A.B. asks: 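Provided herewith is a single structure, encoded as structure tokens, for subsequent inquiry.
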Amino acid sequence: MKNYLSEDTEIFDFFGVKPLLSTSIRVTKKCNLRCKHCYAEGGKQIANEMSFAEITTVMDQLSELGVSDVFFTGGEPFIREDMPDILAYSNKCGFNTLVSTNGHFVNDKLVERIKNLKFKMLQVSIDGTHDIHIQNRGKQSLEDALNALDLFTKAQIDNVTVGSVLLKNATELDEIVDFCKEKGIPLFALMLLIEAGRAENMSSPSAKMMHDILERVFEKYEKHEQAVEFSSNTTLPPALVPFSSRQNDVHNKFACCSFPYILGIEANGDVAPCDGFFPYAEMIVGNVREKPLKEIWENSPVLNEIRQIKTSDLKGVCSKCIYLEYCAGGCRAAAYNKYKDLTMPDPACQNYYDAGLFPKDVIKK
């Protein structure tokens, strides 16, 4: 008997409402870097970005809707001087607060302002060893990231995390797990590439390359298991976790995305089914400056249609996988980006299957 809810009717019966569980807020599109793999296309500030007052009003509405997790992204969040105040307000609302930074604007003064806040995740992005990181993000970017991690850990801030995207040149990604152990960083977030924005012309590693990288990453993880855990925002489908780690229920440490009970809010107030859908005009379901979030959440035809999709509607390898009910098809934004169809499989899993690498023990009998 399954011990999780998967269908819309089950979710509604349990909660009594269509629950909004988590939200990401892009507080700005402005960024000091131009990372090659940035699907958000962070860089220049866009017109009419939300003010502090507007962001706190959004958080008030999220609180009324019962949201638990709020993830602040960009651009680079700390490029905003009022970012510590935004995070403090998130704490005041009682949210599980998550934020990701490249580290450039982290200094003693900023740390002093946030050191007493509670974080579910305070993530610094590192994509690999020195040469790999600067290939993806630019000169000085690794020094900034390492400095931020040092300042966060010295201040004993909760749940400091290293976040890495699995890219073609991430062949030494397992060394990041060693790095976390050596530096006393408790959480590691592993994310798959979304091929949109500046990453539109990039491609994920081949299935064989990804398989080999993950084997090494999880070997190191098992070696350092008592010191380093996977962060909850890891976007790896459970079927791609190596067998021995799945036997130890490692995949349960990063529960699959709460889609479709999630929203993304753009810096200009646009709302989408999640952060990964902003590139698609047909997926913009409203704007917080024009309608309350509750009205958007409950009445959007797009959101209501998405919530009607059942796991049994999913195609490709998803239909064959024993984790279908639990995983619900992995990253729906990645599937939509590749196939323009929300019933298609997660591209990473389908690539594994097409290459003959999808684990046989995960195929339904």
Side-chain angles (χ1 to χ4, degrees), residues 1-6 21-22 69 96 98 120-123 126 128 158-166 170-193 204-205 207-259 311 317-318 320-331 334 345-346 348-353 355-365:
M1 181 181 293
K2 68 180 185 179
N3 58 0
Y4 42 83
L5 307 173
S6 62
L21 301 177
S22 59
D69 288 12
N96 296 321
L98 305 88
K120 181 176 180 180
M121 185 192 76
L122 178 54
Q123 178 177 288
I126 296 182
D158 290 339
N159 297 321
V160 176
T161 305
V162 168
S164 302
V165 179
L166 207 165
T171 53
E172 299 171 343
L173 199 58
D174 56 297
E175 293 187 18
I176 300 297
V177 185
D178 287 331
F179 170 80
C180 290
K181 168 65 167 59
E182 293 165 6
K183 295 293 185 179
I185 297 164
L187 295 171
F188 172 58
L190 179 59
M191 292 153 286
L192 301 187
L193 180 70
S204 298
K208 179 64 167 65
M209 182 181 293
M210 186 180 293
H211 174 273
D212 292 347
I213 292 171
L214 291 176
E215 287 286 336
R216 295 194 297 272
V217 165
F218 278 87
E219 182 180 349
K220 290 290 182 67
Y221 169 77
E222 291 179 6
K223 178 180 177 182
H224 302 313
E225 189 172 358
Q226 301 305 313
V228 183
E229 294 283 0
F230 278 101
S231 176
S232 61
N233 67 312
T234 291
T235 62
L236 186 68
L240 305 192
V241 174
F243 177 78
S244 62
S245 293
R246 278 190 282 112
Q247 290 294 99
N248 292 327
D249 288 330
V250 170
H251 57 285
N252 287 324
K253 298 181 186 297
F254 44 93
C256 286
C257 173
S258 57
F259 186 87
T311 52
V317 69
C318 286
K320 308 173 188 292
C321 181
I322 63 172
Y323 291 113
L324 173 61
E325 299 288 338
Y326 169 78
C327 180
C331 181
D346 186 299
C349 290
Q350 190 63 45
N351 289 343
Y352 258 56
Y353 184 78
L357 292 169
F358 200 76
K360 292 181 179 178
D361 67 290
V362 170
I363 300 291
K364 293 176 182 177
K365 293 183 172 61

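These figures come from a predicted structure and were not determined experimentally. We're numbering straight along the sequence, starting at 1. Note: hydrogens, waters and symmetry copies are ignored here, and every other heavy atom, side chains too, is used.
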A.B. asks: Does any pair with a residue in residues 209-221 pass salt bridge (charged side-chain N to carboxylate O under 4.0 Å, His left out), and if so which ones, sequence neighbours excluded?
C.D. replies: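 Pairs touching residues 209-221 that pass the test: D174-R216, D174-K220, D178-K220, K208-D212.
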
A.B. asks: How far does OG of S231 sit from CE of M191, to the nearest 0.5 angstrom?
C.D. replies: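 Interatomic distance, S231 OG to M191 CE, rounded to 0.5 Å: 8.0 Å.
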
A.B. asks: Mind listing the closest non-hydrogen atom pair of I185 and V228 along with its distance?
C.D. replies: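 Taking I185 first and V228 second, the nearest heavy atoms are O-CG2, 4.0 Å.
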
A.B. asks: If you look at every heavy atom in K181 and A227, which pair is closest and at what distance?
C.D. replies: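 So the two residues come closest at CD-CB, 3.4 Å.
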
A.B. asks: As an exercise, state the distance from SG of C331 to CG of L193, rounded to the nearest 0.5 Å.
C.D. replies: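 With rounding to 0.5 Å, SG (C331) is 10.5 Å from CG (L193).
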
A.B. asks: Is any side-chain heavy atom of S204 less than 4.5 Å from a side-chain heavy atom of L192?
C.D. replies: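 The answer is no; the side chains never approach within 4.5 Å.
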
A.B. asks: Could you pull out the closest heavy-atom pair between A189 and N233, with the gap in Å?
C.D. replies: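 Taking every non-hydrogen atom into account, CB-OD1, 3.3 Å.
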
A.B. asks: My understanding is that only residues two or more places apart in sequence, or in another chain, count here; which of them pass salt bridge (charged side-chain N to carboxylate O under 4.0 Å, His left out) with D249?
C.D. replies: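 None.
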
A.B. asks: Does the separation of the ring centres of H251 and Y323 fall below 6.0 angstrom?
C.D. replies: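 Yes, close enough.
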
A.B. asks: Please tell me if the side chains of V162 and L187 come closer than 4.5 Å, counting only heavy atoms from C-beta onward.
C.D. replies: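 They are not in contact (no side-chain heavy atoms under 4.5 Å apart), so the answer is no.
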
A.B. asks: Return the CG to CE distance between N351 and M209, rounded to the nearest 0.5 Å.
C.D. replies: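 Between atom CG of N351 and atom CE of M209 there are 13.0 Å.
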
A.B. asks: Just to verify, what does E222 make a side-chain hydrogen bond (donor to acceptor under 3.5 Å, both in side chains) with, not counting sequence neighbours?
C.D. replies: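 Residues passing side-chain hydrogen bond (donor to acceptor under 3.5 Å, both in side chains) with E222: S244, S245.
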
A.B. asks: How about Q350 and F358: do any of their side-chain heavy atoms sit closer than 4.5 Å?
C.D. replies: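 The answer is no, as the side chains (C-beta and beyond) never meet within the 4.5 Å cut-off.
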
A.B. asks: Are there more than 12 heavy atoms of other residues, nucleotides or ligands under 6.0 Å from atom NZ of K360?
C.D. replies: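 Count not over threshold, so no.
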
A.B. asks: Where do S164 and I176 come nearest, in terms of heavy atoms and distance?
C.D. replies: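 S164 and I176 have their closest heavy atoms at OG-CG2, 3.8 Å.
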
A.B. asks: Show the numbers, then the answer: is there a side chain to side chain contact (heavy atoms under 4.5 Å, CB included) between D158 and L122?
C.D. replies: CA-CA 8 Å; D158 290 339; L122 178 54; over 6 Å; no

A.B. asks: Sequence neighbours left out, what passes side-chain hydrogen bond (donor to acceptor under 3.5 Å, both in side chains) with N159? Give chain and number order.
C.D. replies: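 Listed in chain order: nothing, the list is empty.
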
A.B. asks: Quick one, S232 and K120 - any side-chain contact, counting heavy atoms below 4.5 Å?
C.D. replies: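 With C-beta onward as the side chain, the pair touches.
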
A.B. asks: Using the test side-chain hydrogen bond (donor to acceptor under 3.5 Å, both in side chains), find all partners of T235 that sit at least two apart in sequence or belong to another chain.
C.D. replies: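 Result, side-chain hydrogen bond (donor to acceptor under 3.5 Å, both in side chains) vs T235: none returned.
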
A.B. asks: If every non-hydrogen atom of A239 is compared with every non-hydrogen atom of P359, which pair is closest and at what distance?
C.D. replies: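 For A239 and P359, the tightest heavy-atom pair comes out as O-CG, 3.2 Å.
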
A.B. asks: For L190, which of I213, L214, V165 qualifies under side chain to side chain contact (heavy atoms under 4.5 Å, CB included)?
C.D. replies: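 Among I213, L214, V165, the one that satisfies the side chain to side chain contact (heavy atoms under 4.5 Å, CB included) with L190 is L214.
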
A.B. asks: Quick one: side-chain hydrogen bond (donor to acceptor under 3.5 Å, both in side chains) partners of S22, sequence neighbours excluded?
C.D. replies: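 S22: side-chain hydrogen bond (donor to acceptor under 3.5 Å, both in side chains) contacts with S258.
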
A.B. asks: What verdict does the side chain to side chain contact (heavy atoms under 4.5 Å, CB included) test give for L21 and F259, after you've listed the backbone C-alpha separation in whole Å, the side-chain angles of each residue and the deciding distance to 0.1 Å?
C.D. replies: CA-CA 9 Å; L21 301 177; F259 186 87; over 6 Å; no

A.B. asks: Is any side-chain heavy atom of D361 less than 4.5 Å from a side-chain heavy atom of R246?
C.D. replies: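 Result yes, sub-4.5 Å side-chain heavy-atom pair found.
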
A.B. asks: Side-chain contact test, heavy atoms from C-beta onward, threshold under 4.5 Å: evaluate it for D346 versus Y352 and give yes or no.
C.D. replies: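 Not touching, per the 4.5 Å side-chain cut-off.
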
A.B. asks: What about F179 and F188, are their ring centers closer than 6.0 Å?
C.D. replies: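 Not under 6.0 Å, so no.
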
A.B. asks: With the side chain counted from C-beta on, respond yes when L324 and K364 share a heavy-atom pair under 4.5 Å apart, and no when they do not.
C.D. replies: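 They are in contact (side-chain heavy atoms under 4.5 Å apart), so the answer is yes.
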
A.B. asks: Applying side chain to side chain contact (heavy atoms under 4.5 Å, CB included), run through I363 and C321 and close with a yes or a no.
C.D. replies: CA-CA 5 Å; I363 300 291; C321 181; over 6 Å; no

A.B. asks: Please examine the side chains of F230 and V217, heavy atoms only from C-beta on, and report whether any two atoms are closer than 4.5 Å.
C.D. replies: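 Heavy-atom side-chain distance check passes, below 4.5 Å.
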
A.B. asks: Enter the distance from N248:CG to F218:CZ here, rounded to the nearest 0.5 Å.
C.D. replies: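 It comes to 11.5 Å.
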
A.B. asks: What verdict does the side chain to side chain contact (heavy atoms under 4.5 Å, CB included) test give for V241 and L236, after you've listed the backbone C-alpha separation in whole Å, the side-chain angles of each residue and the deciding distance to 0.1 Å?
C.D. replies: CA-CA 8 Å; V241 174; L236 186 68; 3.9 Å; yes

A.B. asks: What distance do E229 atom CD and T161 atom OG1 have between them, rounded to the nearest 0.5 Å?
C.D. replies: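 If we round to the nearest 0.5 Å, E229:CD and T161:OG1 are 11.5 Å apart.
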
